[in-house]
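One structure below.
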Amino acid sequence: LVQTRPDMFEGTAKEFFLRAHDCTCSALLKLEILSQLVNDGNAQLIMREFNAYIKDTGRDPVLIAATIQAIGRVAAWLPSLTDSCLRGLMQLVQSSKRQDMVAESVVVVRALVQQAPEARVKIVRQLARMLESIQAPAARASIVWMVGSYHHLVPKIAPDALRELAKSFKAEESQVKLQVLNLACKLYQIGRASCRERV
């Protein structure tokens with residue numbers, strides 16, 4: 001109903017805020033509904049609520065991950081909120097000590113960067129510089145994917161990232177290794193093309 005008749009739920013966003021006694025399945029459904037109900041009029045209210053869920057250290061990690069995903073959906077649907085959502089997610093990546101939250105945030109940031117990579121080159125640079133401190137394999141794989149996919153936008157950072165990743169390659173998880181190889185192939189192709197031009 002929320003997807004087909006959102007007008008029916010005008011002004012009811014607070015009814016779907018999470019309660020302490022909500023079971024996980026109900027809470028996940030409420031997060032889905034809240035992300036569908038966001039509009040320019042209630043965006044600030046709902047985003048404040050999402051931020052409160054993330055900061056609640058006692059909350060179920062599954063719900064925190066779902067909240068981060070909901071923020072990503074909102075950012076994708078409402079362009080007016082995309083930049084502020086990206087700033088919030090990047091703050092989470094930089095400040096959170098929980099690798100599961102970092103991983104989820106990086107994955108959502110990656111999806112948002114894909115929408116307009118040229119406008120978000122700064123984020124790719126920031127994440128590439130943070131590779132050393134980020135341990136979660138999903139986050140590392142997403143960052144390496146971004147560096148590889150947008151290597152033409154970060155031509156000075158991509159080779160340095162590959163050099164550092166080559167040192168830790170043996171210890172990396174398979175999903176990270178795959179992206180490192182992908183990055184290496186892309187940089188190799190560029191190197192061969194530039195050599196041919198010189199010849």
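Numbering of residues begins at 1 and proceeds along the displayed sequence. Note that this is a predicted model, so its numbers are computed, not measured.
Screening residues 92-136 for ring-ring contact (aromatic ring centres under 6.0 Å, His included) gives no qualifying pairs among residues at least two apart or on separate chains. Applying the salt bridge (charged side-chain N to carboxylate O under 4.0 Å, His left out) definition to pairs two or more places apart or across chains, none involves residues 117-137. Residue pairs that meet the ring-ring contact (aromatic ring centres under 6.0 Å, His included) test with at least one member in residues 107-162, sequence neighbours left out, are Trp145-Tyr150. The salt bridge (charged side-chain N to carboxylate O under 4.0 Å, His left out) pairs that include a residue from residues 137-153 are Arg140-Glu172, where partners are two or more places apart or lie in different chains. Screening residues 70-86 for salt bridge (charged side-chain N to carboxylate O under 4.0 Å, His left out) gives Glu32-Arg73 as the qualifying pairs, with residues at least two apart or on separate chains. Annotation: ring-ring contact (aromatic ring centres under 6.0 Å, His included) contacts involving residues 9-46, sequence neighbours excluded, are absent. The salt bridge (charged side-chain N to carboxylate O under 4.0 Å, His left out) analysis of residues 142-164, with sequence neighbours excluded, yields the pairs Asp160-Arg163, Glu164-Lys167.
In this structure, Tyr53 contributes its side chain and Arg48 its backbone to no donor-acceptor pair below 3.5 Å.
Annotation for Lys177 and Phe169: closest pair CE-O, 3.0 Å, computed over non-hydrogen atoms. Met146 and Leu127 get closest at one heavy-atom pair: CE-CD1, 3.4 Å. The minimum heavy-atom distance linking Ala76 with Gln115 is given by the pair CB-NE2, 3.4 Å. Here the shortest heavy-atom pairing between Ala13 and Ile46 reads CB-CD1, 3.9 Å. The minimum heavy-atom distance between Met47 and Cys85, with the atom names listed, is CE-SG, 3.4 Å.
The distance from atom CG of Leu81 to atom CD1 of Ile71, rounded to the nearest 0.5 Å, is 10.5 Å. Of the inter-residue distances, the one linking Leu63 atom CG with Leu31 atom CG reads 6.5 Å to the nearest 0.5 angstrom. With rounding to the nearest 0.5 angstrom, the CG atom of Leu29 is 12.5 Å from the OG1 atom of Thr24. For the atom pair Asn42 CG and Lys14 NZ, the distance stands at 11.0 Å (nearest 0.5 Å). Taken from CD in Gln179 to CG in Leu165, the straight-line distance is 11.0 Å, to the nearest 0.5 Å. Once rounded to the nearest 0.5 Å, the distance linking NZ of Lys55 with CD1 of Ile64 reads 12.5 Å.
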Evaluate the criterion side chain to side chain contact (heavy atoms under 4.5 Å, CB included) for residue pair Leu131 and Val144; output intermediate values, then yes/no. CA-CA 8 Å; Leu131 257 174; Val144 179; 4.3 Å; yes
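Considering only residues two or more places apart in sequence or on other chains, Ser142 meets the side chain to side chain contact (heavy atoms under 4.5 Å, CB included) condition with Val106, Val107, Arg110. Contacts of Phe50 classified as ring-ring contact (aromatic ring centres under 6.0 Å, His included), with partners at least two apart in sequence or in another chain: none. Residues passing the side-chain hydrogen bond (donor to acceptor under 3.5 Å, both in side chains) test with Asp22, sequence neighbours excluded: Lys30. With sequence neighbours left out, the side chain to side chain contact (heavy atoms under 4.5 Å, CB included) criterion links Pro137 to Glu173, Gln175, Val176.
Residue-environment remark: CD (Gln135) exceeds the threshold of 12 foreign heavy atoms within 6.0 Å. Within a 6.0 Å sphere centred on CD of Gln44, heavy atoms belonging to other residues, nucleotides or ligands number 12 at most. More than 12 heavy-atom neighbours from other residues, nucleotides or ligands sit within 6.0 angstrom of CZ on Arg19.
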Enumerate, atom names and distances included, each donor-acceptor pair closer than 3.5 Å involving a side-chain atom of residues 86-97, sequence neighbours excluded.
from  : atom 1 : to    : atom 2 : distance (Å)
Ser95 : OG     : Gln91 : O      : 2.7
Ser96 : OG     : Arg98 : N      : 3.1
Ser96 : OG     : Arg98 : O      : 3.4

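Residues Leu45 and Leu78 are members of one and the same hydrophobic cluster, defined by side-chain heavy-atom contacts under 4.5 angstrom among Ile, Leu, Val, Met, Phe, Trp and Tyr.
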